[in-house]
Amino acid sequence: MTISHAPPGPTDLSAAPEKGPAPGSRTPPALEPIVPASVRRARLRSVPRWVRRTVGPLLLLALWQVFSATGVLHPDVLASPGTIARAGGDLIADGTLPAAMGVSLQRVAVGLVLGGVVGTVLALVSGLSRLGEDLVDATVQMLRTVPWVGLIPLFIIWLGIGEAPKVALIALGVAFHLYLNVYAGIRGVDAQLIEAGESLGLNRWGLIRHVVLPGALPGAMTGLRYSLATAWLALVFGESINADAGIGFLMNQAREFFRTDVIVVCLVVYAFLGLTADVIVRTLERLLLQWRPTFTGQ
């Protein structure tokens, strides 16, 4: 009997049964990719900025509407956003709100110009000259500590109950803010820049024009932003007393009839006008201060 030994054929690996994990062994956990913090911040920054800035106000409006719909906020205490929107639409449709906004804007514009001129001139006199500082600064520092809202009765006695006391109140608040910031901007100019200008042959007026005033411009723009905020605050106080037109007049009428929706509409208009003015000043800063590198956040 002959036994043949045939060589083994090629092994078919595809037909071999798959081996599972051994009994009692643990399956290793799946690995998750690690996303660096910089990548996460980049993803957040990819969302448009105006979307990110509107998230907070929209959430606040949603909560406000929910509280009003569930009865947590009674209409006599605070009207719902829907009621306020309808009231605002009615005031716009009949022309009441645009007319009131025009009167209030005129008061703010006149007061801002008068107060801005007075505050800037006093700051230039006090900041550019030691003699001017001795004559002006002490008086201004003393007057600015007086609560300017408390001067309303005197303004009424001196100027009557018309437009003059309202404009004077706005101008007073604006003048103090501009004086402080322009004065600080002038005195904050680097002395080495003054020495460099003198070494280049600039006279006193040349130093003021080419070195001091550009160096004080950032402080002046900051003072303008503060002045605008103070102007709207002064307008609220001024229009709450003996006003026969304007946004404050609408608020006083709404208070008499417990119209919280109209009151909130007027407050929203005040905030919108103030925000618009701030955007205008920010735009001026970007145009006038392009030479100044600033930190814009990370």
Side-chain angles (χ1 to χ4, degrees), residues 75-120 146-178 223-281 283-284:
D76 293 337
V77 177
L78 185 62
S80 65
T83 304
I84 294 170
R86 287 191 295 270
D90 295 338
L91 291 174
I92 294 174
D94 60 14
T96 302
L97 189 59
M101 290 175 59
V103 174
S104 297
L105 282 173
Q106 183 178 359
R107 290 167 178 163
V108 170
V110 175
L112 184 65
V113 171
L114 293 178
V117 171
V118 173
T120 303
V146 178
W148 46 269
V149 178
L151 298 177
I152 293 177
L154 284 177
F155 284 165
I156 293 176
I157 294 174
W158 294 341
L159 305 174
I161 59 174
E163 294 295 312
K166 302 175 182 59
V167 173
L169 189 66
I170 296 171
L172 186 65
V174 168
F176 287 141
H177 279 299
L178 271 178
L224 183 59
R225 293 182 64 183
Y226 281 113
S227 298
L228 284 170
T230 303
W232 293 114
L233 181 61
L235 179 67
V236 173
F237 286 106
E239 289 186 337
S240 63
I241 300 173
N242 297 323
D244 56 358
I247 303 174
F249 175 69
L250 289 180
M251 291 183 66
N252 287 333
Q253 281 189 327
R255 181 192 60 191
E256 297 294 332
F257 297 99
F258 297 97
R259 293 288 305 274
T260 59
D261 52 350
V262 177
I263 293 176
V264 175
V265 168
C266 295
L267 293 176
V268 170
V269 171
Y270 276 129
F272 174 75
L273 293 176
L275 181 61
T276 303
D278 188 71
V279 170
I280 293 174
V281 176
T283 304
L284 288 176

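As the structure is a computational prediction, the values presented were derived from the model and not from experiment. Residues: numbered from 1 along the sequence shown.
- The shortest distance between side-chain heavy atoms of Leu114 and Val118 does not fall below 4.5 Å.
- Annotation: the span from Leu154 atom CG to Leu169 atom CG amounts to 11.5 Å, rounded to 0.5 Å.
- Between Phe155 and Leu172, some side-chain heavy-atom pair lies under the 4.5 Å cut-off.
- Here the closest non-hydrogen pair linking Trp232 and Leu105 is CH2-CD2, 3.6 Å.
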Pair Val265-Asp261, side chain to side chain contact (heavy atoms under 4.5 Å, CB included): steps then yes or no: CA-CA 6 Å; Val265 168; Asp261 52 350; 5.5 Å; no

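- The closest side-chain heavy-atom distance from Leu273 to Ile247 is below 4.5 Å.
- Taking 4.5 Å as the limit, some side-chain heavy atom of Met101 sits within range of a side-chain heavy atom of Leu97.
- For the pair Thr260 and Val77, the tightest heavy-atom approach, listed with the atom from each and the gap, is CG2-O, 3.8 Å.
- For the residue pair His177 and Ser227, the shortest heavy atom distance occurs at CB-OG, 3.4 Å.
- At least one side-chain heavy atom of Val268 sits less than 4.5 Å from a side-chain heavy atom of Val264.
- Considering Ile263, Val269, Thr96 in turn, Thr96 is the only one that fulfils the side chain to side chain contact (heavy atoms under 4.5 Å, CB included) rule with Leu250.
- The shortest side-chain heavy-atom distance between Gln106 and Glu163 does not fall under the 4.5 Å cut-off.
- Ala245 and Glu239 get closest at one heavy-atom pair: O-OE2, 4.4 Å.
- Side-chain atoms of Leu112 and Leu228, non-hydrogen and from C-beta on, do get closer than 4.5 Å to each other.
- Atom SG of Cys266 sits about 12.0 Å away from atom CZ of Arg255, to the nearest 0.5 Å.
- The distance from atom OH of Tyr270 to atom CG of Leu233, rounded to the nearest 0.5 Å, is 10.0 Å.
- A pairwise comparison of heavy atoms in Val108 and Ala231 identifies CG1-CB, 4.1 Å as the closest pair.
- The CG atom of Leu151 sits 7.0 Å away from atom CH2 of Trp158, with the distance rounded to the nearest 0.5 Å.
- Residues Lys166 and Leu235 are not in side-chain contact: their nearest non-hydrogen atoms beyond the backbone lie 4.5 Å or more apart.
- Residues Ser104 and Arg107 have side chains that never bring a donor and an acceptor to within less than 3.5 angstrom of each other.
- In terms of heavy-atom proximity, Leu224 sits nearest to Leu178 at N-CD2, 3.7 Å.
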